[in-house]
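Notes follow once the structure below has been shown.
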Amino acid sequence: MVKSYATLFSITLLMLVSCGKEASLMKIERAPFAKLPDGRQVEQFTLVNAKGARATLINYGAIVTSLYMPDRNGKYDDMVLGFDTIDNYLKEPPYFGAIVGRYGNRIAHGRFTLDGKTHQLATNNGPNHLHGGPAGYDKVLWSAAPVQSDSAVGVKLSYLSRDGEEGYPGNLALHVTYWLTNLNQLRIDYEATTDQATLVNPTHHGYFNLAGQGEGDILGHELMIAADFFTAVDETLIPTGELQPVQGTPFDFTTATAIGARIQQSDQQLQYGGGYDHNWVLRKESGAPGLAATVYEAGSGRFMEVYTTEPGLQFYSGNFLDGTFVGKDGKRYNHRYGFCLEAQHYPDSPNKPDFPSVVLRPGETYSQTTIYQFSAR
Ligand code: BGC
């Protein structure tokens, strides 16, 4: 008995010492990043966890501007595409690293009816509305405050999206907290409330490359998506409403498969997307975060797991990257140099009564948690 008390005491002491040590290695730095054309200050936050992984983000667009994770030899590289300066982020898409909303992905013809009233949103993507409109959440300045727990450092970003902004009804108070945990996770917690019935479907639009940003295309990355169906789309990438089985199609990622293995196949769905640009219907139960996808890059040994509370996952294979964008460190982003795994509700849900609802009403709280977890083997 005495011995076990002593053991317990030393374990507790060890835990306290290691917690203290971890806490002393964890860091949050806050610095000015740039000025917006109207003079408002954009800030940059640098997060360092106890293992030495590092992330930077800015409160313009709630953008993760870099994310350094180790390979199998402990070498750190930047996992996400992005820009060095604010000017590029101010321009049009590609939404590198941002939070998009109020509605991530497309709403057909920018139109929806809620409680009998029809709302018309901007059509900023052919005939459709995309990622909240031309001045969505990726194009606004959020307020920001550093946050810390025993096992993570983070930044809580808040934005009050006014009634009528980009055509959406209701004042929406949205909080997004990015955490860099000591388990090498980028964890994103979302919370929102409204004063009128509205739509809410924000997502994180990070473009990943596990070999390092700018280090070639992602076609060799091996992807698994925990889904047996995807939402088939029309030629404008709006779901037809059909949940199509992935089995026997290039959309079957139920076992890890190279992204490029079937991307060139003559398949109408692939042609519509110019590659993969579709929503997978996740197998997981809704509620607690469940496994949505894994990605492995053999060269570096890096492995990414995605967990989410959301029912859908948009896998976008960087089809519109064409070498026009010159990103961080002068790296040119050629075709398919990054991929996105965007946890969300299905595209065009407001017009598809059979899809899970995206309506938020006064008195309710929207919440989402999505985790990108990194390791190497
Ligand atoms: C969409 C793509 C779009 C991209 C913007 C993705 O979420 O599904 O169609 O081009 O965002 O960069």
Side-chain angles (χ1 to χ4, degrees), residues 92-95 98-139 161 163-170 172 174 192 194 196-205 227 229-246 249 251 267-282 310-317 319-320 340-361 366 368:
E92 283 297 284
Y95 309 94
I99 295 294
V100 295
R102 195 174 292 199
Y103 197 90
N105 212 281
R106 293 177 177 78
I107 296 176
H109 306 290
R111 202 174 306 132
F112 67 95
T113 302
L114 183 57
D115 296 339
K117 186 166 177 222
T118 299
H119 299 265
Q120 181 64 54
L121 310 169
T123 49
N124 57 332
N125 185 253
N128 302 318
H129 177 82
L130 177 67
H131 294 334
Y137 299 162
D138 61 302
K139 296 276 183 294
S161 177
D163 180 25
E165 184 180 309
E166 293 298 86
Y168 292 95
L172 186 80
L174 175 63
T194 184
Q196 271 182 58
T198 190
L199 310 180
V200 194
N201 184 36
T203 187
H204 175 66
H205 207 293
F229 298 88
F230 71 105
T231 47
V233 292
D234 69 13
E235 66 279 12
T236 72
L237 298 182
I238 291 294
T240 59
E242 184 200 353
L243 305 189
Q244 193 174 316
V246 296
T249 77
F251 291 79
D267 173 278
Q268 192 175 54
Q269 286 294 313
L270 279 177
Q271 277 163 18
Y272 286 161
Y276 296 103
D277 193 352
H278 297 74
N279 167 72
W280 270 253
V281 176
L282 294 174
E310 293 301 281
L313 187 73
Q314 182 84 9
F315 164 44
Y316 169 55
S317 52
N319 312 315
F320 296 114
C340 302
L341 290 173
E342 302 155 64
Q344 57 183 30
H345 275 58
Y346 314 160
D348 201 32
S349 295
N351 296 307
K352 300 283 185 307
D354 293 339
F355 287 0
S357 170
V358 288
V359 176
L360 182 74
R361 296 185 181 279
Y366 167 90
Q368 179 196 151

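We're numbering straight along the sequence, starting at 1.
Across all their heavy atoms, P169 and Q196 have their closest contact at CB-OE1, 3.9 Å. Considering every non-hydrogen atom in both L174 and A192, the closest pair reads CD1-CB, 3.9 Å. Pairing each heavy atom of P127 with each of T236, the nearest pair is CG-CG2, 3.8 Å. Heavy-atom minimum distance, A197 versus D115: CB-OD2, 3.6 Å. Summarising the geometry of H204 relative to E342, their closest heavy-atom pair is O-CG, 3.6 Å, with the distance given to 0.1 Å. Shortest non-hydrogen contact noted between T231 and P347 is OG1-CD, 4.5 Å.
The backbone N or O of Y276 lies less than 3.5 Å from a partner atom in the side chain of S317, making a donor-acceptor pair. Looking at N279, its side chain never comes within 3.5 Å of a backbone N or O of H345 through a donor-acceptor pair. Between the D348 side chain and the I107 main chain, no donor and acceptor come within less than 3.5 Å of each other. Q368 contributes a side-chain N or O that, together with a main-chain N or O of P202, makes up a donor-acceptor pair within less than 3.5 Å. Of the possible polar contacts, one joining the N201 side chain to the G104 backbone as a donor-acceptor pair under 3.5 Å is found. At distances below 3.5 Å, not a single donor-acceptor pair connects side-chain atoms of T194 with backbone N or O atoms of L172. A donor-acceptor pair under 3.5 Å is formed between the side chain of R102 and the backbone N or O of S161.
Evaluation of the ring-ring contact (aromatic ring centres under 6.0 Å, His included) rule for H129 yields Y168 as partners, not counting sequence neighbours.
Considering CZ of F112 and CG of L199, their distance stands at 4.0 Å, rounded to 0.5 Å. To the nearest 0.5 angstrom, F251 atom CZ is 9.5 Å from F315 atom CZ. One finds the CD atom of Q344 at 8.0 Å from the NE2 atom of H131 (value rounded to the nearest 0.5 Å). Atoms CG and CG, on N105 and L130 in that order, are 6.0 Å from each other to the nearest 0.5 Å. A distance of 11.0 Å separates OH in Y346 from CG in D354, rounded to the nearest 0.5 Å. Within the model, atoms NE2 of H119 and CG of L114 stand 5.5 Å from one another, a figure rounded to the nearest 0.5 Å.
Residue Y366 forms a side-chain contact (heavy atoms from CB on, under 4.5 Å) with just one option from V359, V200, V358, and that option is V200.
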Tell me, with the steps shown, if Q314 and T203 meet side-chain contact (heavy atoms from CB on, under 4.5 Å).
-> CA-CA 10 Å; Q314 182 84 9; T203 187; over 6 Å; no
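Residue H109 places its NE2 atom among 12 or fewer non-hydrogen atoms of other residues, nucleotides or ligands, all under 6.0 Å distant.
In this structure the side chain of S349 reaches within 4.5 angstrom of the side chain of Y103, judged on heavy atoms. Using a 4.5 Å cut-off on side-chain heavy atoms (C-beta onward), E166 and L121 make no contact. In this structure, C340 and H205 have side chains that are in contact, with non-hydrogen atoms separated by less than 4.5 Å. Looking at heavy atoms from C-beta onward, D277 lies in side-chain contact with N319 at the 4.5 angstrom threshold.
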Sequence neighbours excluded and cut-off under 3.5 Å, please list the side-chain donor-acceptor pairs for residues 238-246, or say none.
{"from": "T240", "atom 1": "OG1", "to": "A232", "atom 2": "O", "distance (Å)": "3.4"}
{"from": "T240", "atom 1": "OG1", "to": "E242", "atom 2": "N", "distance (Å)": "3.2"}

